[in-house]
Amino acid sequence: EGLLRQIKDKNTDWCNLVCEVTEMYLKIASEEKNAKKKADSLNAAEKLADQLLWREDEPIFFGRALSMKAHIEQMRGNVDRAEEIIEEYKPQLQDLHDQIVANDPDGKHGLLNLSPLPECLYLQAQILWEEVQAEMKKPKRNDDRIKDMLFGPKDKRTSKRDGRKGAFQM
């Protein structure tokens, strides 16, 4: 964090560095066995991600910060909170993604790599998949819950599944 304080102008370089350091903390936390050290790494990652969240002049980093915040919550075991973060900001993430696609429709400029939406959708699908795995291990599993997580919940009126919310459709 000392290096981050040395960069006075919080521009794109600063944002990139914050993202890299945050990702490093997430990687360390994912491999840490000691609960206190893991919590310390996640707290450090969250502190940095929070600094990126409201960068109105840098919307890509806002999206990346949301993804990192959701990932932090998932790693803490707060899967419901991780899902809430993604769902709450999904319209903004979709809008940002659509703008990126509009500016690089054929992907020749590599702008799609900047979109935080795929990472958030992947994380959401991963969370659902892990929940399915946990449900499968239960002595009396709930098959309807498993189907809802994999293929999306059923609409009560039509009995059709909303595939946009299932792990296989993300």
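Side chains are part of it too, since the values below use all heavy atoms of this structure and drop only hydrogens, waters and symmetry mates. Residues take their numbers from the sequence shown, with the count starting at 1.
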Subject >> Distance-minimising heavy-atom pair for A82 and A70 >> reply: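 Minimum heavy-atom separation between A82 and A70: CB-O, 3.2 Å.
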
Original post:
At their closest point, which heavy atom of L111 faces which heavy atom of D104, and how far apart are they?
Top reply: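 Minimum heavy-atom contact is N-OD2, 3.0 Å.
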
Looking at [Y], is its backbone amide N or carbonyl O close enough to the side chain of [X] to form a donor-acceptor pair, meaning the two atoms are under 3.5 Å apart?
{"X": "N43", "Y": "A39", "answer": "yes"}
{"X": "R141", "Y": "M136", "answer": "no"}
{"X": "N142", "Y": "E135", "answer": "no"}
{"X": "E32", "Y": "N34", "answer": "yes"}

Below 4.5 Å, heavy atoms only, C-beta onward: do [X] and [Y] meet side chain to side chain?
{"X": "L114", "Y": "F61", "value": "no"}
{"X": "H97", "Y": "V101", "value": "yes"}
{"X": "E130", "Y": "Q74", "value": "yes"}
{"X": "L66", "Y": "L53", "value": "yes"}
{"X": "P59", "Y": "Q92", "value": "no"}
{"X": "M68", "Y": "L123", "value": "no"}
{"X": "L93", "Y": "L121", "value": "no"}
{"X": "E84", "Y": "E73", "value": "no"}

Under a 4.0 Å threshold between the charged nitrogen and the carboxylate oxygen, would [Y] count as salt-bridged to [X]?
{"X": "E131", "Y": "R145", "answer": "yes"}
{"X": "E23", "Y": "K27", "answer": "no"}
{"X": "D40", "Y": "K36", "answer": "yes"}

Original post:
Run the side-chain contact (heavy atoms from CB on, under 4.5 Å) check on L42 and E46 step by step: do they pass?
Top reply: CA-CA 6 Å; L42 291 175; E46 183 174 38; over 6 Å; no

Subject >> Pair N103-Q99, side-chain donor/acceptor within less than 3.5 Å >> reply: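 There is no such pair (donor and acceptor under 3.5 Å, judged by atom type) between the side chains of N103 and Q99.
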
Subject >> Those residues that, when tested against K38, pass salt bridge (Lys or Arg N to Asp or Glu O under 4.0 Å) (two or more places apart) >> reply: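 Testing K38 for salt bridge (Lys or Arg N to Asp or Glu O under 4.0 Å), a comparison that skips the adjacent residues, returns none.
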
Subject >> Residue from I127, V132, D144 passing side-chain contact (heavy atoms from CB on, under 4.5 Å) with M149 >> reply: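 Running side-chain contact (heavy atoms from CB on, under 4.5 Å) over I127, V132, D144 with M149 returns exactly one hit, V132.
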
